[in-house]
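Each remark here refers to the structure printed beneath this line.
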2 protein chains.
Amino acid sequence: MTAPACYMRFVSTQRATGLAKAKRTLKWQRDPEGMRLRILEAAKQEFSAHGLAGARVDRIAANAGANKRMLYYHVGNKDELYLAVLEGAYDKIRSEERGLDLEHLDPPEAIRRLIEFTWNYFLRNPEFLSLLQTENLARAKHLKRSTKVKSMHSPFVEMIGTVVRRGVSSGDFKVAVDPVQLYISIAGLCFFYLSNSATLSVIFGRDLLAKDAKDERLDHMVGLVLAALTGQSAALLAMTKAPKSRAAVAQTV
Amino acid sequence: MTAPACYMRFVSTQRATGLAKAKRTLKWQRDPEGMRLRILEAAKQEFSAHGLAGARVDRIAANAGANKRMLYYHVGNKDELYLAVLEGAYDKIRSEERGLDLEHLDPPEAIRRLIEFTWNYFLRNPEFLSLLQTENLARAKHLKRSTKVKSMHSPFVEMIGTVVRRGVSSGDFKVAVDPVQLYISIAGLCFFYLSNSATLSVIFGRDLLAKDAKDERLDHMVGLVLAALTGQSAALLAMTKAPKSRAAVAQTV
DNA sequence: AGAGAAATTAACCCGTTGGATAAATACTGT
DNA sequence: ACAGTATTTATCCAACGGGTTAATTTCTCT
């Protein structure tokens with residue numbers, strides 16, 4: 001938005017004949033796939049930064065280094081553009097979720113990894129959070145029309161179900177909690193803290209996105225969920241404040 | 001929006017003199033306080049339904065039964081109107097929060113009440129959720145300018161601190177969890193489920209706002225938090241799925 | 001080479017929207 | 001009763017913003 005950053009690939013064509021003139025004209029080059037990608041990327045940024053109504057088609061075009069007409073040519077009108085971005089966002093997270101292997105981990109560790117993944121994914125993809133907020137503000141009006149997203153089931157629910165069952169039979173976990181509820185809880189613990197960090201930071205008068213604050217939050221969430229599942233004070237210990245020195249958690253994927 | 005619902009109080013003035021004409025003209029009546037309230041209420045609905053950019057000043061005026069000029073006269077431009085609504089929303093929840101008395105309850109019950117209050121408040125005030133989402137989408141740009149909201153500290157953090165301390169010394173709780181973290185977790189568990197119910201309902205292919213689903217969710221949240229704090233399987237039991245028959249939780253305030 | 005198709009640019013259209021100006025009407029105190 | 005002020009109505013407008021139309025340029029295939 002700030003700098004119109006022209007991504008368009010220009011080529012300087014120097015007429016072989018008529019050299020004397022040195023008439024160096026800047027022309028454009030075809031690149032339909034690239035153009036489409038740049039449009040979708042710019043649209044993602046725009047929609048996540050300004051919401052659906054606040055997004056400006058002209059800005060998307062400018063940031064994509066394209067002419068406005070290109071949006072309609074390659075994707076469609078504003079709504080279709082928005083839906084394409086949303087579908088892309090779901091596609092991406094689902095794909096990364098599938099890459100998470102919890103099979104070989106013991107149940108508590110598996111749950112920890114699950115939380116860490118969710119947390120880090122949200123941290124790495126703030127636009128995803130914004131897009132979800134925007135779509136929920138619209139009461140999922142667009143998502144309902146998307147057969148594509150509806151068919152993209154998260155593997156997490158099943159993964160959690162398996163882990164919980166293993167945990168119960170191994171004695172690690174005390175109770176077979178509903179996987180859907182646990183999934184929503186884990187997502188919620190991460191999501192709310194990050195998506196509402198702006199207002200919460202103002203309310204509490206401190207920066208919730210500072211490194212220490214984030215580390216502390218992750219420890220708290222893992223501790224809370226594991227303590228609930230295992231009933232062990234071992235997990236609870238991580239919840240006491242001032243963990244400070246905890247090493248940064250590497251990206252899981 | 002649908003019906004312009006003219007809230008304006010009209011009075012039929014019948015000229016005492018000149019009776020023959022029966023010139024019954026509809027005139028308006030002054031009501032600055034009422035007008036301001038109607039404007040703010042209409043604005044709250046509009047902003048929560050459409051977000052800041054999506055909100056239409058004309059619709060607010062129409063739904064307030066007012067002339068558009070009135071908005072600027074009584075409150076200010078769109079941004080000031082929005083901030084006024086936001087401040088009102090915070091004011092309302094803070095006020096209700098203060099009404100919650102946890103002193104006389106034993107710690108686990110106090111935590112339960114806290115969660116129930118939060119849950120029910122969000123259920124009763126969906127606009128509050130929307131407004132927060134909208135403000136966070138704007139990265140709290142407006143909230144930062146509001147000295148009013150900054151001074152409205154939630155009593156919950158301190159209340160939680162007290163309850164947790166009591167719980168630890170009474171032996172009910174195993175660990176002195178950070179009150180701020182716990183506050184955010186409780187809010188997050190409730191908030192995310194409700195604010196994202198639209199997309200989640202599509203993803204899971206079921207209505208998360210159905211009565212049974214909501215009851216189940218509340219049980220899960222209370223169970224999760226209490227199990228973590230107490231380490232008791234008693235609390236965990238409530239987390240097993242299919243509680244179904246649980247009586248509806250009455251509004252706490 | 002060169003014709004037809006694909007991709008891109010440039011310019012325009014027109015309803016919407018936040019906001020402003022000015023005039024009218026209802027109160028209030030004296 | 002009336003003058004002055006507070007409140008409300010009636011219009012207007014300039015900028016914006018999504019979308020369209022038409023012309024231009026590049027690529028591909030024969």
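Naming: A, B, ... by sequence-line order, numbering from 1 per chain.
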Between dA10(D) atom C1' and Tyr73(B) atom OH, what is the distance in whole Å? 17 Å
Would you say Arg217(A) and Ser185(B) are linked by a side-chain donor-acceptor pair, where the criterion is simply a distance under 3.5 Å? yes
d(NE2, His74(A); P, dA7(C)) in whole Å: 6 Å
DNA chain D nearest-nucleotide lookup for Leu52(A) and Pro32(B): closer to the 5′ end is Pro32(B)
Kindly determine whether Tyr82(A) and Lys78(A) satisfy side-chain contact (heavy atoms from CB on, under 4.5 Å), including the steps that lead there. CA-CA 6 Å; Tyr82(A) 168 77; Lys78(A) 195 180 181 184; 5.8 Å; no
Does Arg139(A), at its CZ atom, have more than 12 non-hydrogen atoms belonging to other residues, nucleotides or ligands within less than 6.0 Å? no
Spacing of Glu33(B) atom CD relative to dT8(D) atom C1', expressed in whole Å: 15 Å
Assign Ala55(A) to base, sugar-phosphate, or nothing according to its heavy-atom contacts below 4.0 angstrom with the strands shown. sugar-phosphate
So, Phe122(B) versus Phe117(B), ring centres under 6.0 angstrom or not? no
For dA26(C), does either OP1 or OP2 sit under 4.0 Å from a side-chain N or O belonging to Arg30(B)? no
Is there a side-chain contact (heavy atoms from CB on, under 4.5 Å) between Val149(A) and Leu86(A) once you walk through the steps? CA-CA 9 Å; Val149(A) 172; Leu86(A) 195 60; 5.7 Å; no
Rounded to the nearest angstrom, tell me the gap between atom CZ in Arg36(A) and atom C1' in dT8(C). 17 Å
Is there a ring-ring contact (aromatic ring centres under 6.0 Å, His included) between Phe192(A) and Phe192(B) once you walk through the steps? CA-CA 6 Å; Phe192(A) 178 74; Phe192(B) 178 74; 9.3 Å; no
I'd like to compare against my own output: the B/S/- annotation of nucleotides 19-24 of chain D with a strict under-4.0 Å heavy-atom distance to protein. BBBB--
Taken to the nearest whole Å, CD1/Ile60(B) to P/dG19(C) is 11 Å
Expressed as a whole number of angstroms, how long is the span from Tyr82(A):OH to dG18(D):C1'? 18 Å
Heavy atom of residues 133-144 of chain B under 4.0 Å from DNA chain D: which residues? none
Look at atom NZ of Lys150(B) and say whether more than 12 heavy atoms of other residues, nucleotides or ligands are closer to it than 6.0 Å. yes
Rounded to whole angstroms, how far apart are CE on Met70(B) and P on dT25(C)? 15 Å
Only one of Leu40(B), Leu81(B), Val85(B) passes side chain to side chain contact (heavy atoms under 4.5 Å, CB included) with Ile60(B), and that residue is Leu81(B)
Specify the separation, in whole Å, of atom CD of Gln29(B) and atom C1' of dT8(D). 13 Å
Considering residues at least two apart in sequence or located in another chain, which fulfil the side-chain hydrogen bond (donor to acceptor under 3.5 Å, both in side chains) criterion with Ser154(B)? Glu97(B)
